[in-house]
There are 2 protein chains.
Amino acid sequence: MFQALADPTRRAILDELQDRSGQTLFELCARLAMKHGTGSSRQAISQHLGVLEEAGLVHSRREGRYKFHDLDTSPLRDIVERWPVTDEERP
Amino acid sequence: MFQALADPTRRAILDELQDRSGQTLFELCARLAMKHGTGSSRQAISQHLGVLEEAGLVHSRREGRYKFHDLDTSPLRDIVERWPVTDEERP
DNA sequence: ACATTATGCAAGTATCTACTTGCATGTCAA
DNA sequence: TTGACATGCAAGTAGATACTTGCATAATGT
């Protein structure tokens, strides 16, 4: 799961799914090309989605020939539970 | 910073520093060899500390020939601010 | 049925990353 | 000073990883 967060494209995918839940692979490709500029191929994003899904950060549901993807932030709780964030001011 | 969290040895270092603040490189080597079993070399851990420090997760202070390391969890706040963790039950 | 659309799989490649190796720097104690 | 201790730097190597390429599967529309 930490590995899944390590890639900037995957983080952009999480951002996209948070902005708009239930996107398909093609929607994600289009919107990532728009916003992030970096034109990642469909195959690349498909593989990224696989990694994110295996990490539990993304769930998918199949409907016909479409596959919709949803963000799941609950695995991130492990991070702040493992290393609690102090309430002090940031430098 | 996400990159820094991606390596299991680096996460073990963060655990160690949380358990006991202000450890030197040698202390970390010894305790990581004890607990985590995986005997990482001194040079390897030194490089890991460099990565963690660059990510802002570890701060260091030099005193004589010793260099003490401290955990800083505040960068982790960016994660939960970027993708807020829902309060729902975990499956 | 046929073409199109949306996704999946798998091998190959180029880059990145963690680790090692060997030497250098700086500090303290006798 | 001499020697031991604690750390730093930098080049080289093995393995991991992101991306591509090419084809396969499956569902929808006309």
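First the proteins, then the strands, lettered A, B, ... as listed; each starts at 1.
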Salt-bridge present (Arg31(B), Asp19(B); N to O < 4.0 Å): yes
Under-4.0 Å side-chain N/O to phosphate OP1/OP2 contact, Ser41(B) with dC19(C): no
Arg62(B) CZ - dA6(D) P separation (whole Å): 12 Å
Atom pair distance, as rounded to whole Å: CD in Gln23(B) and P in dT7(D): 11 Å
Close side-chain approach of Leu52(A) and Ile13(A), heavy atoms under 4.5 Å: yes
Check: Val58(B) main-chain N/O paired with Asp72(B) side-chain donor or acceptor under 3.5 Å: no
Pair of N/O donor and acceptor under 3.5 Å linking dT17(C) base with Gln47(B) side chain: no
Nucleotide dT4(C), atom P - distance to CZ of Phe26(A) in whole Å: 14 Å
Under 4.0 angstrom between Lys67(B) side-chain N/O and dG26(C) OP1 or OP2: no
Separation of atom CD in Glu54(A) from atom C1' in dG8(C), rounded to whole Å: 15 Å
Between dA6(C) (P) and Leu28(A) (CG): distance, integer Å: 13 Å
4.5 Å side-chain heavy-atom contact, Arg10(B) and His48(B): yes
5' priority, DNA chain D, between Ile45(A) and Phe68(B) [closest heavy atom]: Phe68(B)
Donor-acceptor contact below 3.5 Å, side chain Thr73(A) vs main chain Leu76(A): no
Proximal nucleotide (of dC19(C), dT7(C), dA18(D)) relative to the His48(B) side chain: dC19(C)
Nearest-neighbour nucleotide for the Thr24(A) side chain, dT7(D), dT7(C), dA10(D) considered: dT7(C)
Backbone N/O of Val51(B) and side chain of Glu54(B): donor-acceptor pair under 3.5 Å: no
Short N-O contact, Lys35(A) and Asp15(A), less than 4.0 angstrom: no
Other residues, nucleotides, ligands: >12 heavy atoms within 6.0 Å of Gln18(B) CD: yes
Show me the protein contacts with nucleotides 13-17 of chain D, counting only N or O atoms at under 3.5 Å.
{"unit_1": "dT17(D)", "atom_1": "OP1", "unit_2": "Gln3(A)", "atom_2": "NE2", "d": "3.4"}

Under 3.5 Å donor-acceptor, Arg42(A) side chain and Phe26(A) backbone: no
Phe68(A) backbone acceptor or donor facing Arg62(A) side chain under 3.5 Å: no
Any Ser46(B) side-chain N or O less than 4.0 Å from OP1/OP2 of dG8(D): yes
Atom-pair distance (CD on Glu27(B); C1' on dC5(D)), nearest Å: 14 Å
Nucleotide-resolved protein contact map, nucleotides 23-30 of chain D, B/S/- at heavy-atom distance under 4.0 Å: ----BS--
For atom CZ of Arg61(B) and atom P of dT7(D), their distance in whole Å: 13 Å
Atom-pair distance (CZ on Arg42(B); P on dA10(D)), nearest Å: 15 Å
